[in-house]
Amino acid sequence: MRTTSRLDIANQAVWEHFEIVNEQPFRLQYHLMPPTNWMNDPNGLIYFNGEYHVFYQHDPYGTIQGPMYWGHLSSPDLIKWQHRPIALAPDTDYDASCFSGSAVINNDKLTLIYTSHDEQRTPKEMQCVATSEDGVYFEKDAANPVLRQPPEGAGFDFRDPKVWEYGDHWYMVIGNCRDGCGQALLYRSNDLRHWQEVGVSLVSDEYCGHMWECPDIYPLDSHFVLAFSPIDSPISRNTLAVGNLDYETGRFDPIFYQEADYGEDFYAMQSMETPDGRRIMIAWMEKWRDEYVTASEGWVGAMTIMREVSLENDHVMVRPVREIAELRQKQPVSGKYYVEPETRGHLKNVHGSSLEIVIELRFNDARCQQGGLRLRTSGDSSQETLVYYDRQRHAVVCDRSRSGLGSTVETFAPAEPDQNQIISLQIFIDHSSIEVFVNNGKAVITNRIYPDPDSTGYELYAVGGSMEVPTFTAWALHSIWPEPAN
Ligand code: DQQ
């Protein structure tokens, strides 16, 4: 018998104010978000019974993080999405909160592996299992908790299991810490219920954080990626370590490290393999803050667009998942432009809060110091977000100092023009978000922005000298959500 009561009450509560919440100006059109109230990390990414599933950390009752439930979204094609009933509730004596985890298919059942978290218990974090035949209703396992403590001497932060199959075994990487350093631990099992520690995969140095959250290990080309979200690292917030994994010792030997995203609003990434063999990933499009702008609208938290990851020339390329092109509406605006310093008005025919823009910036004039786009501008130009290439800093910059509400922190990604002096950008703007893919996936910057709803203008600009724009195309994008029923 599944335990229903907490789930049923939560499933009702979360929809109570949906109509009002969903009318709010900062709601997103093509990003995953909760029906109402709180969302954080993506969990349990999987393709099961002909559908993609994304679960997520969810508080159906409020706009701050309370006891965690697992919300649930599904899609047949990564384009159209729908909300499903909440999958997990903190409704057993071992679950004060159902923290992050992952999903696998075992014996035709969709199986979730998650962390049961209880601040009052020692140890506070243990690993648990829940299964479902239909991918919608889940039963917690009688064997729970299936892994009750971290290794001797390790810290009690012991969470976010990511499980995958290799050879005859299941493997699981868990985020942990020891003596003030983050680390990733590898476990092995035959049945997802009995786990043996294989070893420590990787340990932080003094720069890489005192705890690693949401680790993920996956093969990429001829190597492996160990992805994690370090707490309090001065150099990285979303780390991709690329190297080799030894399944016998658990040891991960890094060859190089890379930042998965240079923005402020990207955390707790998780990946999965698509049926056609691509590695795709998504992350929480927020960060841990004291206050959230959208709380006043009755919801908090969203996911980035889905991204495809590949290894090319010793670099992890991160591109928008190719399916997203299906969201482009017909009749884009396109053109070529020559931009003189402080000229305006090139993009008078581009408007909107939900757009994709593909643009090339060519810097042939040595006097030009920087150039790019002003976007989500207000009629009087008092509000704008800048995305530009800074030639001195060799960086694409996202300047939110005049974006409206919310953070004004400047974010930037290193970038070099190609042999034709071109920087290429693919920019996704949704009502309260911006994602900038630099040079065909070499780097990404993800931020939330909160301009007035009628700040929908776009401009090109150059400083110091001229800039060419050999390619510019802007598409309005369709919504991923079902049409409201009449
Ligand atoms: N969020 C979850 C934890 C994870 C953290 C709790 C990362 O499992 O470590 O909501 O944002």
Side-chain angles (χ1 to χ4, degrees), residues 10 32-34 37-45 54-72 86-90 94-103 112-121 123-130 145 147 150 154-163 172-177 182-185 204 208-217 226-233 236-239 260-261 263-271 281-290 292 300-304 446 448:
L32 304 185
M33 57 185 176
N37 291 316
W38 173 269
M39 164 190 271
N40 61 291
D41 318 350
N43 296 154
L45 266 60
V54 172
F55 299 86
Y56 58 91
Q57 291 285 282
H58 183 34
D59 183 339
Y61 295 107
T63 53
I64 52 169
Q65 187 191 33
M68 287 286 89
Y69 293 63
W70 274 39
H72 185 187
I86 296 170
L88 297 178
Y94 52 84
D95 273 338
S97 204
C98 300
F99 269 18
S100 286
S102 55
L112 308 181
I113 305 95
Y114 67 98
T115 299
S116 118
H117 172 95
D118 186 344
E119 211 54 53
Q120 311 306 321
R121 180 182 64 195
K124 65 178 179 179
E125 292 179 334
M126 304 178 177
Q127 317 315 321
C128 292
V129 168
L147 181 57
F156 287 137
D157 289 287
F158 179 55
R159 57 181 176 267
D160 311 336
K162 177 77 191 311
V163 179
M172 168 165 75
V173 60
I174 300 187
N176 181 229
C177 54
Q183 61 180 6
L185 305 176
S204 171
C208 216
H210 59 75
M211 164 66 193
W212 288 358
E213 297 189 308
C214 303
D216 190 359
I217 292 183
L226 167 53
F228 54 94
S229 301
I231 297 182
D232 280 348
S233 159
S236 178
R237 289 196 45 244
N238 298 285
T239 316
D261 193 292
E264 220 193 355
D265 296 295
F266 182 98
Y267 196 68
M269 60 194 146
Q270 190 177 111
S271 78
M281 66 106 140
I282 198 168
W284 185 35
M285 193 166 61
E286 261 296 356
K287 67 178 270 190
W288 292 102
R289 302 176 182 280
D290 293 334
Y292 293 88
V300 168
M303 297 299 166
T304 64
T446 301
R448 299 301 294 275

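Every number for a ligand or one of its atoms is a count from 1 in the order of the listing. Hydrogens, waters and symmetry mates are skipped; everything else that's a heavy atom, side chains included, is used.
Within ligand 1, the atoms closer than 4.0 Å to a non-hydrogen atom of W288 are 11 (O), numbered from 1 in the order shown. Short contacts between ligand 1 and D160, defined as distances under 4.0 Å to a heavy atom of the residue, involve ligand atoms 3 (C), 4 (C), 8 (O), 9 (O). Annotation for ligand 1: atoms under 4.0 Å from non-hydrogen atoms of D41 are 1 (N), 2 (C), 3 (C), 4 (C), 5 (C), 7 (C), 11 (O). Those atoms of ligand 1 with a heavy atom of M68 less than 4.0 angstrom away are 10 (O). Which parts of ligand 1 touch Q57 is read off a 4.0 Å heavy-atom cut-off, strictly below it: atoms 2 (C), 6 (C), 10 (O). With ligand atoms numbered from 1 in the order given, ligand 1 contributes 2 (C), 8 (O) to contacts under 4.0 Å with heavy atoms of S100. Taking every heavy atom of Y267 and a limit of under 4.0 angstrom, the matching atoms of ligand 1 come to 7 (C), 11 (O). Within ligand 1, counting atoms from 1 as listed, the ones closer than 4.0 Å to a heavy atom of Q65 are 6 (C), 10 (O).
In this structure, F228 and W212 have parallel ring planes: the angle between them is below the 30° cut-off, well short of the 60° mark. Ring geometry for F55 versus W70: interplanar angle of 30 to 60°, hence tilted.
Partner N40 forms a side chain to side chain contact (heavy atoms under 4.5 Å, CB included) with one of M303, M68, K287, E286 and no other, that one being M68.
Remark: R159 engages D157 in a salt bridge, criterion side-chain N to carboxylate O under 4.0 Å.
For the residue pair S116 and E125, no side-chain donor N or O sits within less than 3.5 Å of a side-chain acceptor on the partner.
When heavy-atom distances to ligand 1 are checked against a 4.0 Å cut-off, T115 has no atom that comes that close, whether in backbone or side chain.
Taking a 4.0 Å cut-off on heavy atoms, W284 fails to register as neighbouring ligand 1.
Across every non-hydrogen atom of P60 and N37, the tightest pair is O-ND2, 2.7 Å.
Remark: F266 engages no residue in a ring-ring contact (aromatic ring centres under 6.0 Å, His included) (not counting sequence neighbours).
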